[in-house]
Amino acid sequence: MAPSQEGLSHHPKKNTHMASKFNSRSKPSPFLSNGCIFLGGALSTLFIIWGLCSFVIPIPNSDPKIDLVATQLKSLNCTNDATIEAPDMLHDSPERTFYDDPEMAYTMDSPMKNWDEKREEWLLQHPSFLAGAQERVLLVTGSQPSQCHNPIGDHLLLRFFKNKVDYCRLHNYDIFYNNVLIHPKMNIYWAKYPLVRATMMAHPEVEWIWWVDSDAIFTDMEFKLPLNRYKNHNLVVHGWEELIHINRTWTGLNAGVFLIRNCQWSLDFMDVWTSMGPQSPEYDKWGVIQRSTFKDKVIPESDDQTALAYLIAIEKDKWTNKIYLEDNYYFEGYWLDIEKTFNNISKSYNELEREVKGLRRRHAEKVSETYGTMREGYLNNIGQWRRPFITHFTGCQPCNGHHNPNYAAEDCWNGMERALNFADNQVLRKYGFVHNNLMDKAVSPIPFDYPNV
């Protein structure tokens with residue numbers, strides 16, 4: 001069960017920040033006696049486990065909400081997962097697959113046909129990967145091949161990447177970081193699509209590819225993608241239908257974070273989408289068409305975000321029924337609006353943990369999802385002060401340093417520091433430390449029963 005961030009209020013005007021990024025370019029023993037010893041030991045172990053399960057969380061029974069939490073923890077923590085088969089990483093089927101086809105290519109200029117059937121066949125030949133296949137996610141991100149021009153750029157990118165690694169470890173997602181240009185002509189914001197396409201070919205076991213820009217930070221480390229919501233869709237982006245269909249604004253969505261299903265539809269869609277890119281002989285023409293369709297578009301050349309908005313607005317009968325414009329939670333959110341709220345959010349979560357003992361219970365990092373799910377039942381009480389899922393530093397350009405002139409460089413760097421430490425506190429908490437001040441890199445050990453001290 002994934003936590004939810006529904007009910008957040010988002011004003012469409014907050015999405016106008018997206019223009020800035022373009023402006024600032026998871027043998028039995030033969031001896032009977034040994035067998036008896038083994039059986040006795042096993043039974044004793046079972047009794048101990050049952051005993052532990054009945055005392056998962058030592059909290060009083062006076063609060064019905066806490067009783068519910070204790071029951072939930074018992075259920076979640078005492079589930080027997082021994083029958084779940086782990087993927088066999090040491091086996092590859094000797095049978096022929098699409099990989100043995102000399103015509104198969106990883107590049108975007110070689111169309112892939114019947115991909116759904118090929119993926120299904122591969123999975124059937126590798127049955128250990130079938131369990132959980134429909135919810136398997138691979139996060140993909142990356143940065144430029146060369147060194148950053150901004151003196152602190154490489155350090156910032158390392159911290160941004162660490163944040164993504166932390167999130168993926170907590171939720172058992174795989175992650176791939178790329179720093180090479182796969183297609184020589186498809187650069188800047190178009191560079192991610194050849195990578196996403198190649199990733200699909202390399203990972204037939206994965207259902208979803210999740211692209212997250214290098215300058216985006218996970219600021220709610222407990223929240224999980226509500227994949228069931230997208231079961232009838234193949235592409236998820238943050239956006240608002242009315243801004244695209246009615247207002248015709250190119251900032252009606254943000255293409256810096258998107259979730260795309262590993263399927264034939266997605267391959268076909270990306271072929272059409274990227275046909276507006278710099279590798280196309282009609283690149284200049286598409287720039288003109290986009291600007292005539294979206295009057296507020298600020299750059300003359302064709303870009304991926306406006307190209308996506310164009311396909312949604314103009315070819316909606318062909319594509320829109322498979323595209324989900326997410327506006328119920330911060331699938332990605334504008335940093336300038338968010339970073340000022342971190343102190344109030346931290347205060348609200350601490351107050352909630354003081355009221356609910358189960359939420360402040362120390363636990364191993366590997367069972368963190370249990371507590372995220374438990375916390376969800378209480379988050380409606382804090383209203384707007386819940387953690388935003390992803391904070392996107394659009395326009396700050398941490399690598400080249402050429403931030404959008406609409407705000408000061410200090411605002412960008414301080415905002416990143418606060419966001420990174422805010423997210424890091426959620427991770428370090430499992431290790432017994434926190435940043436007491438979001439602008440301070442130093443950490444302090446936390447006492448037992450924190451923050452109820």
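Along the sequence shown, residues carry numbers from 1.
Residue-environment remark: CD (Glu120) stays at or below the threshold of 12 foreign heavy atoms within 6.0 Å. Atom NZ of Lys347 has 12 or fewer neighbouring heavy atoms from other residues, nucleotides or ligands inside a 6.0 Å radius. Enclosure of atom CD in Glu365 by more than 12 non-hydrogen atoms of other residues, nucleotides or ligands within 6.0 angstrom is indicated. Counting non-hydrogen atoms of neighbouring residues, nucleotides and ligands closer than 6.0 angstrom, the CD atom of Gln264 exceeds 12 such neighbours. Within 6.0 Å of CE on Met89 lie no more than 12 heavy atoms contributed by other residues, nucleotides or ligands.
For Trp319, the ring-ring contact (aromatic ring centres under 6.0 Å, His included) test picks out Trp265, Phe269, with sequence neighbours left out. Under the side chain to side chain contact (heavy atoms under 4.5 Å, CB included) criterion, Ala133 pairs with Arg136, sequence neighbours left out. In this structure, Cys263 has no disulfide (SG to SG under 2.5 Å) partners at least two apart in sequence or on a different chain. Annotation: side chain to side chain contact (heavy atoms under 4.5 Å, CB included) contacts of Ser110 (sequence neighbours excluded): Ala105, Thr107.
Taking 4.5 Å as the limit, every side-chain heavy atom of Trp335 sits out of range of all side-chain heavy atoms of Ile338. Side-chain contact between Val443 and Val434 is absent, with no heavy atoms from C-beta onward closer than 4.5 Å. Looking at Leu325 and Ile312, their side chains come closer than 4.5 Å, going by heavy atoms from C-beta outward. Taking the side chain as every heavy atom from C-beta outward, Asn114 and Asp116 never approach each other to under 4.5 Å. Looking at heavy atoms from C-beta onward, Met108 lies in side-chain contact with Met270 at the 4.5 angstrom threshold.
Looking at every heavy atom in both residues, Ala307 comes nearest to Met276 through CB-SD, 3.4 Å. Residue His233 comes nearest to Asn321 through the heavy atom pair CD2-O, 3.6 Å, listed as atom of the first residue, atom of the second, then distance. Here the closest non-hydrogen pair linking His392 and Gly256 is CE1-CA, 4.0 Å. Scanning both residues, His91 and Asp88, for their nearest heavy atoms gives CB-OD2, 3.4 Å. The two atoms that bring Tyr189 and Ser302 nearest to each other are CE1-O, 4.1 Å, heavy atoms only. The shortest non-hydrogen separation linking Arg248 to Thr293 is CB-O, 3.8 Å.
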- [ ] Start with the C-alpha distance between Trp190 and Thr274, add both sets of side-chain angles, then the distance that settles side chain to side chain contact (heavy atoms under 4.5 Å, CB included), and finish with yes or no.
- [x] CA-CA 8 Å; Trp190 289 101; Thr274 58; 4.2 Å; yes
Open item on the list: Pair Arg197, Asp271 - check salt bridge (Lys or Arg N to Asp or Glu O under 4.0 Å), show working.
Closed with: CA-CA 10 Å; Arg197 205 268 194 190; Asp271 285 343; 5.5 Å; no
- [ ] Apply side chain to side chain contact (heavy atoms under 4.5 Å, CB included) to Leu156 and Trp413, showing your working.
- [x] CA-CA 9 Å; Leu156 286 171; Trp413 315 139; 4.1 Å; yes
- [ ] List the steps, then state whether side-chain hydrogen bond (donor to acceptor under 3.5 Å, both in side chains) holds for Tyr378 with Glu355.
- [x] CA-CA 10 Å; Tyr378 299 92; Glu355 295 175 7; over 6 Å; no
Task: Intermediate values then yes/no, side-chain hydrogen bond (donor to acceptor under 3.5 Å, both in side chains), Ser143 and Ser214 - done: CA-CA 6 Å; Ser143 60; Ser214 61; over 6 Å; no
- [ ] Check step by step if ring-ring contact (aromatic ring centres under 6.0 Å, His included) holds for Trp122 and Phe129.
- [x] CA-CA 10 Å; Trp122 188 93; Phe129 288 92; 5.5 Å; yes
TODO: Decide yes or no on side chain to side chain contact (heavy atoms under 4.5 Å, CB included) for Phe258 and Val212, but give the supporting numbers first.
DONE: CA-CA 7 Å; Phe258 63 83; Val212 181; over 6 Å; no
- [ ] Decide yes or no on side chain to side chain contact (heavy atoms under 4.5 Å, CB included) for Asn163 and Met221, but give the supporting numbers first.
- [x] CA-CA 9 Å; Asn163 167 263; Met221 305 301 281; 4.0 Å; yes
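Of the candidates Leu420, Asn414, Asn343, Leu438 forms a side chain to side chain contact (heavy atoms under 4.5 Å, CB included) with just one, namely Asn343.
Once rounded to the nearest 0.5 Å, the distance linking CG of Leu157 with SG of Cys148 reads 4.5 Å. Here NZ of Lys118 is found 6.0 Å from CG of Asp101. Values are rounded to the nearest 0.5 Å.
In this structure, a donor-acceptor pair under 3.5 Å is absent between the side chains of His402 and Asn150.
We find that Arg386 and Glu376 are joined by a salt bridge, their nearest charged nitrogen and carboxylate oxygen being less than 4.0 Å apart.
Side-chain rings of Tyr310 and Trp273 stay apart, their centers remaining 6.0 Å or farther from each other. Phe98 and Trp115 have their aromatic ring centers within a separation under 6.0 angstrom. In this structure, His363 has its ring center under 6.0 Å from that of Tyr371. In summary, the aromatic rings of Phe389 and Phe218 are positioned with their centroids under 6.0 Å apart.
The main-chain N or O of Thr97 is never found under 3.5 Å from a side-chain atom of Glu121 such that the two would form a donor-acceptor pair. Using modelled atom types, one side-chain atom of Asn425 and one backbone atom of His435 make a donor-acceptor pair closer than 3.5 Å. Remark: the backbone N or O of Val288 is not paired with any side-chain donor or acceptor of Lys297 at under 3.5 angstrom. When atom types are taken as modelled, the side chain of Asp213 and the backbone of Asp215 share no donor-acceptor pair closer than 3.5 angstrom. Under the 3.5 Å distance criterion, the side-chain polar atoms of Ser292 are matched with a main-chain donor or acceptor of Ile289. Proximity of a side-chain donor or acceptor of Gln144 to a complementary backbone N or O of Ser146 within less than 3.5 Å is detected. The closest donor-acceptor contact from the side chain of Asp296 to the backbone of Trp250 lies under 3.5 Å. Side-chain N or O atoms of Lys295 include none that pairs as donor or acceptor with a backbone N or O of Arg291 at under 3.5 Å. No side-chain donor-acceptor contact under 3.5 Å links Thr306 to the backbone of Asp303. Remark: the backbone N or O of Ile260 is not paired with any side-chain donor or acceptor of Ser266 at under 3.5 angstrom.
Residue pairs meeting the salt bridge (Lys or Arg N to Asp or Glu O under 4.0 Å) criterion with at least one partner in residues 409-430, sequence neighbours excluded, are Arg159-Glu417, Lys162-Asp424, Glu339-Arg418, Glu353-Arg429, Glu417-Lys441.
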May I have the list of side-chain donor-acceptor pairs in residues 201-208 shorter than 3.5 Å, sequence neighbours left out?
from   : atom 1 : to     : atom 2 : distance (Å)
His203 : ND1    : Glu205 : OE2    : 2.7
Glu207 : OE1    : Arg119 : NH1    : 3.3
Glu207 : OE1    : Arg119 : NH2    : 3.4
Glu207 : OE2    : Arg261 : NH1    : 2.7

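Note that Arg387 lies outside the cation-pi zone of Phe223, set by a 6.0 Å cut-off to the ring centre and a 45° limit from the axis.
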